[in-house]
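Since the model is a prediction, treat every value here as computed from it, not as a measurement. Letters A, B, ... are given to chains in the order of the sequence lines, protein chains preceding strands, and every chain is numbered from 1.
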Amino acid sequence: EDKVVQSPLSLVVHEGDTVTLNCSYEVTNFRSLLWYKQEKKAPTFLFMLTSSGIEKKSGRLSSILDKKELFSILNITATQTGDSAIYLCATKNQAGTALIFGKGTTLSVSS
Amino acid sequence: EAGVAQSPRYKIIEKRQSVAFWCNPISGHATLYWYQQILGQGPKLLIQFQNNGVVDDSQLPKDRFSAERLKGVDSTLKIQPAKLEDSAVYLCASSLDPDRANEQFFGPGTRLTVL
């Protein structure tokens, strides 16, 4: 059965800290891995990763994929209170037509 | 470009009552998804439509949940009768086609509380 596992499930840090969120996956016919940020509403897209070892970067956020070890990490440097959210990791299902999500990591950044 | 619209945004009902949610996807998006997100968990796909046909409803509890997309645009998701464990956020998403599942756009969700 395809699955996505995220860790930790929750994290509390102080502003300015750097955090690393983890996502491991077991998916038949892997195509891509996606990261989303979810505040109080709908998930918003952050990154899509398809190739190993190539870092995707957007501001203070970056992510990388390891297809050999079947995991990805999301890094956030110099965290701000606005980074407080649930971070979701997802992959396409076996058929490639829908997404399978992990449980998410709830990040709380205190000032 | 207008996003995915959902209504209502919040709904509180008692167990055994019925409830319906509505979703209007982005114009031109053939694929529509309904997800259930229980507190503390990631979204779980309930049903996926391609135009007005069902692609995947393997995780839809068919004894109480139903969904339709009669004209291939708007969709409704119904729960009848509701149980306490149905309390969740119901997210609708759309994409141009199934091959672009990684390019889904999500609506704001409907938060359902079953008392």
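- Residues B/His29 and B/Ser95 bring no donor and acceptor atom of their side chains to less than 3.5 Å of each other.
- No close placement of the B/Phe106 and A/Phe45 rings is indicated, their centers lying 6.0 Å or farther apart.
- Residue-level contacts of residues 63-88 of chain B with chain A do not occur; threshold 4.5 Å between heavy atoms.
- The number of heavy atoms from other shown groups lying within 6.0 Å of NZ (B/Lys11) does not exceed 12.
- Separating the OG1 atom in A/Thr91 from the CZ atom in A/Arg31 is a distance of 10.0 Å, to the nearest 0.5 Å.
- Environment of CD in B/Glu14: sparse, with no more than 12 heavy atoms of neighbouring residues, nucleotides or ligands closer than 6.0 Å.
- Of all residues in residues 34-50 of chain B, those placing a non-hydrogen atom less than 4.5 angstrom from a non-hydrogen atom of chain A are B/Tyr35, B/Gln37, B/Gly40, B/Gln41, B/Gly42, B/Pro43, B/Leu45, B/Gln48.
- For chain B, the nearby part of A/Leu88 is the side chain; its heavy atoms alone come within less than 4.5 Å.
- Side chain to side chain, B/Thr31 and B/Asp97 fail the donor-acceptor criterion of an N or O pair below 3.5 Å.
- Atoms CD1 and CD, from B/Ile12 and B/Gln17 in turn, are 11.5 Å apart once rounded to the nearest 0.5 Å.
- Only the side chain of A/Gln38 comes within contact range of chain B, with heavy atoms under 4.5 Å apart.
- Heavy atoms of other residues, nucleotides or ligands lying less than 6.0 angstrom from NZ of A/Lys103 number 12 at most.
- Proximity of the aromatic rings of A/Tyr87 and A/Tyr36 is defined here by a centroid distance below 6.0 angstrom, and this criterion is not met.
- Here the CD1 atom belonging to A/Ile64 is positioned 9.0 Å from the CG atom belonging to A/Asn75, to the nearest 0.5 angstrom.
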